[in-house]
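Single-structure report; data block below.
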2 protein chains.
Amino acid sequence: MPNSTAATQQATECEAHFVDEDKIRRLQAAMVSDDIIDIVVQAFRALSDPTRVKMIHALSTEELCVCDLARLLGVTESAVSHQLRLLRSQRLVKHRRKGKMIYYTLDDDHIRTLFAQGLEHAKCPQGR
Amino acid sequence: MPNSTAATQQATECEAHFVDEDKIRRLQAAMVSDDIIDIVVQAFRALSDPTRVKMIHALSTEELCVCDLARLLGVTESAVSHQLRLLRSQRLVKHRRKGKMIYYTLDDDHIRTLFAQGLEHAKCPQGR
DNA sequence: CAAACGTCTGAGCAATCGTTCATATGTTAC
DNA sequence: GTAACATATGAACGATTGCTCAGACGTTTG
């Protein structure tokens, strides 16, 4: 990030007087790399839509095909397929073909626990 | 959801023949309520943006003011403030005033662990 | 009081998202 | 082969997102 004015701390900014650059530098050093941040963000983003969350929830129990999910959630099979593609691209679900049907399951166990954690958060009374 | 055709199962759909309605009904019974889903989704959505994730990460270590966050992340104080408002509205962060400055901290410990879990997922080699 | 500072907020805008529709692909049954 | 079916995909649309900008608000300092 723009740290060109590292030494010359302008006095017209915030608490830029004593703590200033040291604090920011220390925080920047502790900051996670952008690559890691991106993976975290994408995992959370996959779980930030009601349709996808419901799909994940259903798939965490058992293997389901596209039309099962569509009817369960009351949305178009096309919509489900699009969302599945997203989840597939992030390796959150995997699929296997059986005849005409394609069955989906959760791929990543991290996501299962991540989702469970979110659910626990939601169910907790103090959790707004 | 549109379940008007509950009894009259059209034979022209998927594996609607034997398993059909039972399976869907069972899944629907196991489905979490929309209210809970919404809370889950909103929590994950709060963590589905790089700026916010970085803010959460920084705040999970120590109390910070708006301009600290802005300089740390290299974005406008306005942008930070907007995001803080979102996080505040979901009770993920709390603030205290000290003179002109307003210091923010994480409010909810669930979010801290949720974020930690996401981070662990990202750092894990098999996690794509 | 007025000026300076840190923060907040509303409007506006480009970018992204989730859906629908039409169509394509791949499989099975005839 | 053709027809029927399950799923995938691209284009297009409205809705939402995250940012910037300009200005308002609340506090401190003189």
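Quick caveat, the model's predicted, so the values are computed rather than measured. Letters A, B, ... mirror the listed sequences (proteins, then strands); counts begin at 1.
Atom CZ in A:Arg52 sits roughly 12 Å away from atom C1' in C:dT16 (whole-Å rounding). Atom CG in A:Leu73 sits about 12 Å away from atom P in C:dT20, given to the nearest Å. At whole-Å resolution of the value, CE in B:Met101 and C1' in C:dC8 are 15 Å apart. With rounding to whole Å, A:Arg85 atom CZ is found 11 Å from D:dA11 atom P. When the C1' atom of C:dA24 is taken as reference, atom NZ of A:Lys100 falls 17 Å away, rounded to whole Å. Following rounding to the nearest Å, A:Leu86 (CG) and D:dT9 (C1') show an atom-to-atom distance of 14 Å. Between the C1' atom of D:dT7 and the CZ atom of A:Arg88 lies a distance of 9 Å, rounded to the nearest Å. Between B:Met55 atom CE and C:dT7 atom C1' there is a gap of 13 Å when expressed in whole angstrom units.
The environment of A:Glu63 atom CD is dense: over 12 non-hydrogen atoms of other residues, nucleotides or ligands sit within 6.0 angstrom.
Looking at the side chain of A:Ile102, the nearest of the listed nucleotides C:dT19, D:dA8, C:dT7 is D:dA8. Closest contact between the side chain of B:Val66 and the listed nucleotides C:dT7, D:dG10, D:dG18 involves C:dT7. The side chain of A:Ser81 sits closest to D:dT7 out of D:dT7, C:dT7, C:dT19. Of the listed nucleotides (C:dT9, C:dT20, C:dT7), C:dT20 has the atom at the smallest distance from the side chain of A:Thr76.
Taking the nucleotide of DNA chain D with the nearest heavy atom to each of A:Leu84 and B:Gly99, the more 5' of the two is matched to A:Leu84. Nearest-nucleotide positions on DNA chain C for A:Arg97 and A:Ala79 put A:Ala79 closer to the 5' end.
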Between A:Glu62 and B:Arg26, does a salt bridge (charged side-chain N to carboxylate O under 4.0 Å, His left out) hold up when you go through it step by step? CA-CA 11 Å; A:Glu62 66 188 290; B:Arg26 183 165 41 78; 2.8 Å; yes
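If you check distances only, the side chain of A:His95 never reaches the base of D:dT7 with a donor-acceptor pair under 3.5 Å. The base of C:dT19 is not paired with the side chain of A:Ser78 by any donor and acceptor separated by under 3.5 Å.
OP1 or OP2 of D:dT17 lies within a sub-4.0 Å distance of a side-chain N or O belonging to B:Arg45. Here A:Gln83 does not reach the OP1 or OP2 of C:dC17: none of its side-chain N or O atoms lies under 4.0 Å away. Within the 4.0 Å cut-off from OP1 or OP2 of D:dA6, not a single side-chain nitrogen or oxygen of A:Tyr104 is found.
Between the side chain of A:Arg71 and the backbone N or O of B:Glu21, no donor-acceptor pair lies under 3.5 Å.
With centres under 5.5 Å and a plane angle under 30° as the test, the ring of B:His82 is not stacked against the base of D:dC19.
Between A:Asp38 and A:Arg45, no side-chain nitrogen of the basic residue sits less than 4.0 Å from a carboxylate oxygen of the acidic one, so the salt-bridge criterion is not met.
There is no path of hydrophobic side-chain contacts, each under 4.5 Å, that joins A:Leu86 to A:Leu106.
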